[in-house]
Every structure is written in C-alpha cells, then in structure tokens.
Amino acid sequence: MKFLKALAIGAALALTVASNSAFAETTKIVLLVKNLGNAFFDAANRGAQEAAKELGNVEVIYTGPTQATPEGQIDIINSLVAQGVNAIAVSANDADALVPALKKAMERKITVISFDSGVAKEGRQMNLLASATDLIGNQCLKMASDLLNNQKGDVAILSATSTATNQNAWIEVMKRDAGKYPNVNLTTVVYGDDKQDKSYREAEGLIKSNPNLKVIIAPTTVGIAAAAQFVEDNGLVGKVLVTGLGLPSEMIKHVKSGAAPAFALWNPIDLGYAATTIAYNLATGKEKAKAGGELSMGRLGKVKLDDDLSGPMAPPFVFDAKNIDEFAKIY
Ligand code: RAM
C-alpha cells in the first residue's frame, strides 16, 4: 500500500515537472531576412535580440540566403519546418512564391508573420509594415521634388529586386502620385538586387543613358549608398543628386559630400523588436491577429490591423546634415 502511494506521488511529481519544463521551454523565433550581409537587417536583428532578452526564454535565430531570392528563402523555410521552430518572421523576396512553403509551416503549427516586405495574406498570420506604403512613396517623391529646387527634371528609380514586395508597393505609389509633384519627371526603374556592385553599375547605366537625369531615388538602403558612391567616384556631386531610403550609418559620408543631401527611413532596430514581440505573442497564444484588431509591440505600443491583416508602425523620418551625426551612431 505504502509502495503504491509512493508510486502515485512519484508519478504526480513527474507530471508536474514535465508540465513545468514544457512551460519553460525556449520559444524559437526565426528572423528570416531577404539576404545576409545587409546592415539594415543586422540592425533589425539587434532589435530582435533585445526583444528576446526582454521576453525571456526566447531564442532568436537570424538567418537568410546570401542572395535576395525567393528560392533561397524557400529552402530555408523548408529546413526550418523539418527542424521545428515556434515562429518565423520573414521579410519576403516575393509575396506569392513563399506562400506554399509558409502554408506548410503553419500546418505544422509554426506561427508565421511577415515584416518589412510582406507575404500574401494566405501565407502568414499578419504583416508588419515599417510605415504606411503611401507615406513612404510620397516621402520619396517629396525629397526628389525638393532636391530639384523648383526646376523640372528627370528622376529615375534604382530599386532592390524586381520581386521585392515592399519596394514594388512604394514604386507603385510613386508612379500613381508623381503628378502631385509637377517638377518630378519620373522616367525609368532599374534593379540593383540589393547587391552593392550591381546597384553601383545600375546607377552608372542610369546616368550614362540619360544626360538629363537630375535625381536618383533609391528606395533601398543598399541601392542608395551604391548610387551615392558612384556619383562621388565620378565627380558628379551636384549634377546628379541621390535620395530615397538609407541607413544613417552608411549614408553619413554621402550626406557630408553632398551626393545625398536628404533621405528617409524608420528605426530598423524597432522594426526587428516589434516583429519579434508580435511573433512571440502569437506563437504563445497570448494574442490573435484579427482584422480591425490590435497587437502589442511591447515598448512601442500597439499596431492596428486592416482587412489584409497588415498594420504600419511609425511614419518615415528624414535625415539630413542637421541630424545625421546623431543618428549615424545608432543605426
Ligand atoms: C533594404 C531592403 C529592405 C528595405 C530597406 C529600406 O535594406 O530592401 O527590405 O526596407 O532597404
């Protein structure tokens, strides 16, 4: 009898220990970025690691392909599904191509969200936008218009990859709203694939093929720095001006040289922090993504979701000679 009682107590104890340890299990959240070697995503990872520390018992796995291709991301998603993780937060190289692999992940109870560059609705539980798409597109047009200084001029776009969800959405807005900035004559769009060398050569191509080109808008941190470098290397400062979306730490020298007097961005550290916090809350069942609902972004407040289950963070912020020293130290 005594023995049986001891056995029962032992079993009960084992159960408690098991359920406690299951509760204390580490939540594995993957930050799957467009490509590695991009300082913008390295900054987002800093925010993701900060969120992991704050949440406790969270491991953030920072990964991505070496080239910004959907194929590279699909291979990684498939291996993450096989290995078993709790959540994937992806910045997509293609809105649709990733959907089948991500659907498989969700069938295996892996939480999937997109951030920065979105996935189509059926391939994720929510999409975190750095900023409202209309605001970003119009900010780029306004900076180009201001740089033209009341003169009419040709303006070309140097983008990232041709399938990037975020850049394509911003370019669509720029094409739609260019008429609101009458001195901006939008000419062409080229793609540097978020590679420094290809972006540099594409900037060269734009300038050589159009002697009247006045401004290059590069809505990518890789493209804008490469274009400004080309302008500087070829003594074209003042003749062709560069603007778009850049990382202050990479752009400080180009602001100082005058190649890129003003550009915009949001805080990439906050973006990674928010994506990780949202992924954690969804993966642990603390929150659910609903159209018209809100999700917590920890120290950053809440994001409101639209019918597409997408929601924007803060408006873009403009950097120029007045504030670049301060921000280049941070990201
Ligand atoms: C590049 C990437 C990223 C984009 C920034 C502005 O680093 O393309 O997706 O948000 O630029």
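Bear in mind the structure is a predicted one, so any value in this text is a computation, not a measurement. Counting convention: from 1, in listed order, for ligands and their atoms alike.
- Residue-ligand proximity, T220 to ligand 1, at heavy-atom distances under 4.0 Å covers atoms 11 (O).
- Taking a cut-off of under 4.0 Å to the non-hydrogen atoms of W266, the atoms of ligand 1 that pass are 10 (O).
- Proximity of W170 to ligand 1 is established by a heavy-atom distance of less than 4.0 Å.
- For V222, no heavy-atom contact with ligand 1 is shorter than 4.0 Å.
- With ligand atoms numbered from 1 in the order given, ligand 1 contributes 1 (C), 2 (C), 8 (O) to contacts under 4.0 Å with heavy atoms of D194.
- The cationic group of R299 lies under 6.0 Å from the six-membered ring centre of Y273 and within 45° of the ring axis, placing it in a cation-pi geometry.
- Among residues at least two apart or in separate chains, salt bridge (charged side-chain N to carboxylate O under 4.0 Å, His left out) pairs with a member in residues 125-140 are D134-R176.
- When the heavy atoms of D116, L129, T221 are ranked by distance to atom 10 (O) of ligand 1, first place goes to D116.
- Residue contacts with ligand 1: N166 is placed with a nitrogen or oxygen under 3.5 Å of a nitrogen or oxygen of the ligand (distance criterion only).
- No side-chain donor-acceptor contact under 3.5 Å links N35 to the backbone of Q67.
- Between the side chain of N183 and the main chain of S145, a donor-acceptor pair closer than 3.5 Å is present.
- Within the structure, the salt bridge (charged side-chain N to carboxylate O under 4.0 Å, His left out) test picks out no pair touching residues 60-76 (sequence neighbours left out).
- Ring orientation note: the planes of F319 and F327 are nearly perpendicular, at an angle over 60° on the 30°/60° scale.
- Heavy-atom proximity to F41, at under 4.0 Å, picks out these atoms of ligand 1: 3 (C), 9 (O).
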